[in-house]
Amino acid sequence: MTTQLPKTYAPGQVEAKWYRFWVEQGFFHADAAHPKTPFSIVLPPPNVTGSLHMGHALTLTIQDILVRWRRMEAYNVLWLPGTDHAGIATQIVVEREILRSENKSRHDLGREEFLRRVWQWKEKHGGRISEQSRALGASLDWERERFTMDPAYSRAVREAFVRLYEEGLIYRARRLINWCPRCYTALSDLEVEHQDEQGSLWYIAYPVAGDPSTRLVVATTRPETMLGDTGVAVHPDDERYRHLIGKKVALPLTDREIPIVGDPILVDREFGTGAVKVTPGHDFNDFEAGLRHNLEQISVLDLHARINENAPAKYRGMTTDEARQAVVADLEAAGLLVKVEPHTLAVGRCQRCDTVVEPMLSLQWFVKTGPLAAPAIEMIEAGKTRFVPESWTKTYMHWMRNIKDWCVSRQLWWGHRIPAWYCKDCGHITVARQDPSRCAKCGAGALTQDEDVLDTWFSSALWPFATLGWPGDTRDLKTFYPTTVMETGYDIIFFWVARMMMMGLFFMKKVPFRVVFLHAMVVDEKGEKMSKVKGNVIDPLDLCNRYGADAVRFTLAAMAAQGRNIKLAPARVEGYRNFANKIWNASRFTLMNLAGYECDRFVDAYREGPENLDLRLPDRWILSRLQHSIKAVDDALEDYKLNEAAQLIYRFIWTELCDWYVEMAKSALYAHGDDGESATRKRMTQGVLATTLETAMRLLHPIMPFLTEEVWQQLPRPAGSPASIMITAFARADQRYIDDDAERAMELLQRVIEAVRGIRADYNVSPGQPVDVTIQVEDDFQKTILSGYTAYVVELAKAQKVTVRRGGAAPAGLHASALAAGVEVLVPLAGVIDPAVELPRLEKEARKSALEVEAVQKRLSNPNFEVRAPAEVVTETRERLADAQARMAKLSAMIERLKHA
RNA sequence: AGGCGCGUAGCUCAGUGGGAGAGCACUACCUUGACACGGUAGGGGUCGGCGGUUCAAUCCCGCCCGCGCCUACCA
């Protein structure tokens with residue numbers, strides 16, 4: 001039997017083929033009525049405007065690994081996909097497009113037409129990211145794909161708003177909010193990004209009213225806002241200013257007089273002059289201080305962040321920058337500018353467009369968060385939901401405990417319109433599930449709906465249950481809520497995770513998920529955030545094309561250690577591409593050597609247990625190693641340590657299976673003899689090789705779904721196997737195949753083989769030239785193993801005659817020698833033994849042993865050691881000393897022999 | 001200001017209260033009948049610094065230095 005498999009694995013066609021197959025077979029689809037234990041994850045919905053970036057690739061990979069693994073473990077798995085309408089982001093994209101193609105603004109089109117265009121855009125491009133997700137092999141239940149503006153989802157959003165309003169948890173108020181003059185909308189605190197920028201601190205003198213010779217000097221970073229000052233605050237205990245409290249100052253550049261107040265909260269006596277101008281209309285602290293002292297709130301900026309009519313005429317229409325220059329110049333001219341100092345300050349910028357955000361007085365809708373946060377705190381404390389890594393609990397708690405009310409109205413068009421209607425006659429606000437035709441209070445018909453839409457995150461907060469049919473009482477909801485795991489990036493822990501907790505608990509009375517698994521951010525090789533501006537973006541689809549989706553997935557899994565940012569290096573992906581190729585070739589080798597193999601027969605016997613098989617050392621060893629690997633991989637996955645799982649599989653397949661077992665299997669597989677003995681050996685080897693590979697494929701499938709499916713489909717399978725590896729049972733460790741004796745024996749054999757190879761390398765013995773090997777052993781175990789398996793030394797170390805001796809004098813003549821796991825390995829190399837080669841190697845070994853003897857002796861010489869240390873540690877340490885001493889003795893004997901030969 | 005995290009081989013990173021690891025890179029040899037996207041052998045580290053706890057610290061604790069992130073109302 002021959003195989004036509006190419007020498008190099010080509011992922012391209014393989015991936016497309018199997019993905020199509022999986023979808024066609026319906027393997028991704030969850031059945032809510034199925035009795036198996038549910039395991040559910042809702043995919044964090046990417047923006048409809050999005051295209052796949054590394055962050056998506058990471059989240060998809062991690063979730064798909066969990067999902068495929070649990071599916072193979074026979075859970076009833078739901079992984080639900082969808083996209084988010086992403087209010088501001090989408091509106092910006094479409095606005096820009098319309099501006100470019102038609103040179104029109106959204107206002108030129110009007111609300112209705114603009115929304116029609118956005119929908120049009122969504123229909124055309126909105127499916128892109130879902131499409132791209134398929135390339136990574138994501139086993140999402142596409143039949144359940146959701147969009148946050150689907151009619152059903154929109155009903156859920158409206159229901160949520162109305163219920164919160166009815167419970168008094170949503171209210172409308174005139175407050176200071178963050179305003180983006182570019183996006184022309186209110187923002188929540190979270191949508192403002194603060195960055196330190198270099199600015200100045202201006203010291204301005206305010207003359208005391210009625211006493212112009214006395215001047216109160218204030219310090220400010222925003223001199224232009226002085227036009228809206230309505231007070232000056234000093235610390236009530238400050239001897240310098242206490243006498244001024246209650247008096248007034250004449251506000252320069254205006255004709256207003258404003259009070260001097262004492263405020264211990266706002267004022268830090270150490271900062272600046274200890275006197276602060278108070279501008280309740282343009283600063284959050286000042287707003288609070290203003291409330292404490294009943295100061296007037298004056299807004300001197302319009303919504304485009306230009307000076308408005310509340311300021312002196314000469315400044316009207318200026319931008320904040322222009323106004324700043326003008327105000328500073330005028331103050332200086334008036335002799336009121338005392339000094340200017342350089343000063344760094346945190347400037348708030350719009351998350352979406354980077355424009356400087358202005359605190360602005362405005363009438364907006366708010367969610368009262370206190371009552372919602374309380375249970376969201378309690379449930380974490382009670383362990384109903386836990387964070388992985390656990391350290392995020394603290395971050396979450398801190399934010400939740402200091403939460404402020406959430407401004408949820410946005411002055412945008414794209415989004416869920418706020419279901420509130422205002423009565424022209426009586427001013428009553430009607431908030432309703434169905435569009436009302438008349439005022440709920442006075443019955444008048446003249447109603448106008450609120451123009452604003454809701455923050456996108458308001459609708460996202462409902463994702464874990466709105467996607468499952470809420471507010472309906474659906475089967476999906478019953479089966480899959482609470483979801484099992486919420487896997488997402490730590491950057492949206494407040495934006496999203498915290499809000500889902502609040503909303504899930506409020507509406508469902510149960511936590512939305514049992515585990516919050518937070519992954520790190522993917523950054524470039526240098527550790528910098530990927531951005532189009534920097535040009536350091538790595539496109540996951542490009543990587544998939546070059547190296548295969550499996551290699552990309554494996555890289556992400558292997559690097560996704562909990563806690564640290566992931567510096568993605570393409571060289572790493574290439575390394576795992578090589579790993580895929582290694583597996584491919586191990587599979588080729590296996591398939592090339594299965595002639596005459598009867599799968600059912602072997603697998604039946606294998607299931608019965610090892611006593612039904614005629615296994616030799618390498619077989620027993622690899623099967624034992626396999627069981628350990630399975631257990632370790634399973635444990636790692638249970639603990640969400642995907643990198644550990646990946647590493648374990650990598651080592652098992654490459655180092656143990658390929659480097660050792662496959663090499664040792666060759667003699668049995670290539671044997672031509674048709675006697676019973678060699679035929680049995682061949683069958684056993686075929687069986688162990690095929691079974692180990694098949695099991696390893698199942699172990700690896702969650703991480704590398706495509707390659708494992710391709711290989712698995714080609715491997716012989718017992719009758720009645722499922723149609724796909726993805727619906728087989730995940731590998732389970734079988735205790736019966738754990739074989740400590742075999743592992744110890746192999747260890748010895750491996751060290752001896754390596755010792756011979758080392759000698760060959762040192763003397764540059766060409767591979768074609770066999771060498772004789774003498775192995776000097778010390779006990780029966782060593783003797784039995786090494787004389788029983790000399791054939792492997794012959795094959796793997798290219799030896800010719802292998803002699804195993806116990807005791808007696810060293811063989812005559814010059815030998816190259818090495819110490820391996822307690823046995824002495826001697827290779828006579830007539831005429832070429834060079835002490836200059838030999839001595840350094842042996843001396844180096846001897847030095848290492850000497851250092852160890854010293855270290856261990858030191859430990860043992862401490863009288864407290866034996867008393868305090870656990871008994872097994874003491875025993876172990878004594879053994880180590882004996883080993884090291886024996887090693888040293890042997891090495892010095894070898895060195896002496898060499899010197900005197 | 002507070003919180004969190006990081007500092008281990010040239011690079012990127014695992015890891016553990018008791019004998020320092022991987023991948024890549026590097027050196028030497030090898031077209032051996034799965035694989036050169038390969039094989040074999042090898043070089044390379046005071047585990048950031050100082051102190052403490054312990055029989056024993058790279059690991060636990062404290063301080064310091066350096067780096068990063070998050071939260072925060074110092075004008």
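To find a chain, count down the sequence lines: A is the first, B the second, and so on, and within it residues start at 1.
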- When only distance counts, do a donor and an acceptor, one from the side chain of Lys7(A) and one from the base of C35(B), lie under 3.5 Å apart? no

Name the nucleic acid region contacted by [X], choosing base, sugar-phosphate or nothing; use a 4.0 angstrom heavy-atom cut-off, strictly under.
X: Glu866(A); answer: nothing
X: Val267(A); answer: base
X: Gly348(A); answer: nothing

Donor + acceptor pair across side chains of [X], [Y] (<3.5 Å):
X: Thr875(A); Y: Glu872(A); answer: no
X: Glu710(A); Y: Gln714(A); answer: yes
X: Asn585(A); Y: Tyr9(A); answer: no
X: Asp229(A); Y: Thr279(A); answer: yes

Determine the interatomic distance between [atom1] on [N] and the same-named atom on [M]; round to the nearest Å.
N: U8(B); M: G15(B); atom1: P; result: 14 Å
N: G21(B); M: A36(B); atom1: P; result: 31 Å
N: C6(B); M: A41(B); atom1: C1'; result: 36 Å
N: C4(B); M: U46(B); atom1: C1'; result: 29 Å
N: G51(B); M: U12(B); atom1: P; result: 29 Å
N: A57(B); M: A20(B); atom1: C1'; result: 14 Å
N: U32(B); M: U40(B); atom1: C1'; result: 11 Å
N: C50(B); M: C59(B); atom1: P; result: 12 Å

- Pair His343(A)-Phe271(A), ring pair (Phe, Tyr, Trp, His ring centres under 6.0 Å): steps then yes or no: CA-CA 12 Å; His343(A) 184 76; Phe271(A) 190 90; 5.8 Å; yes

Do the side-chain N or O atoms of [X] get closer than 4.0 angstrom to the phosphate oxygens (OP1, OP2) of [N]?
X: Trp654(A); N: G39(B); value: yes
X: Lys582(A); N: G39(B); value: yes
X: His398(A); N: G2(B); value: no
X: Asn864(A); N: A56(B); value: no
X: Lys277(A); N: A75(B); value: no

- Closest to the 5' end of RNA chain B, once Ala219(A) and Lys666(A) are matched to their nearest nucleotides, is Lys666(A)

With respect to the side chain of [X], which nucleotide from [options] is positioned closest?
X: Arg577(A); options: C37(B), A75(B), G5(B); result: C37(B)
X: Phe494(A); options: C35(B), C70(B), C73(B); result: C70(B)
X: Lys404(A); options: U40(B), C37(B), A72(B); result: A72(B)
X: Asn643(A); options: A14(B), C29(B), C35(B); result: A14(B)

- Query: How far apart are the C-alpha atoms of Tyr576(A) and Tyr650(A), what are their side-chain angles, what is the distance that settles it, and do they pass the ring pair (Phe, Tyr, Trp, His ring centres under 6.0 Å) test?
  - Reply: CA-CA 9 Å; Tyr576(A) 293 123; Tyr650(A) 186 94; 5.7 Å; yes

- Task: Kindly express the pairing pattern of RNA chain B in dot-bracket notation, using | wherever a base pairs with another strand and counting only Watson-Crick or G-U pairs under 3.5 Å.
- Result: (((((((..((((....[..)))).(((((.......))))).....(((((..]....))))))))))))....

If you measure from [atom1] on [X] to [atom2] on [Y], what distance do you get to the nearest 0.5 Å?
X: Lys339(A); Y: Leu337(A); atom1: NZ; atom2: CG; answer: 11.0 Å
X: Asp883(A); Y: Arg878(A); atom1: CG; atom2: CZ; answer: 14.0 Å
X: Cys544(A); Y: Phe706(A); atom1: SG; atom2: CZ; answer: 8.5 Å
X: Arg222(A); Y: Lys277(A); atom1: CZ; atom2: NZ; answer: 8.5 Å

- Task: Tell me which residues in residues 220-233 of chain A put a heavy atom below 4.0 Å from RNA chain B, sorted by number, or none.
- Result: Thr220(A), Thr221(A)

Figure out the [atom1]/[atom2] separation between [X] and [N], and round it to whole Å.
X: Trp660(A); N: G39(B); atom1: CH2; atom2: C1'; value: 12 Å
X: Asp263(A); N: A75(B); atom1: CG; atom2: P; value: 16 Å
X: Phe271(A); N: A75(B); atom1: CZ; atom2: P; value: 5 Å

- Has Lys666(A) got its NZ or CZ under 6.0 Å from the middle of the six-membered ring of Phe589(A), at an angle within 45 degrees of the ring axis? yes

- Do the numbers put Arg751(A) on top of the ring of Trp660(A), so that NZ or CZ is under 6.0 Å from the six-membered ring centre and no more than 45° off the axis? no

Interface polar pairs with nucleotides 16-23 of chain B, N/O, under 3.5 angstrom:
residue : atom : partner   : partner atom : Å
G18(B)  : O2'  : Arg859(A) : NH1          : 3.2
G19(B)  : OP1  : Arg880(A) : NH1          : 2.5
G19(B)  : N3   : Arg880(A) : NE           : 3.4

- Query: Taking all atoms of both residues into account, what is the closest heavy-atom pair of Asp238(A) and Arg269(A), and its distance?
  - Reply: OD2-CG, 3.4 Å

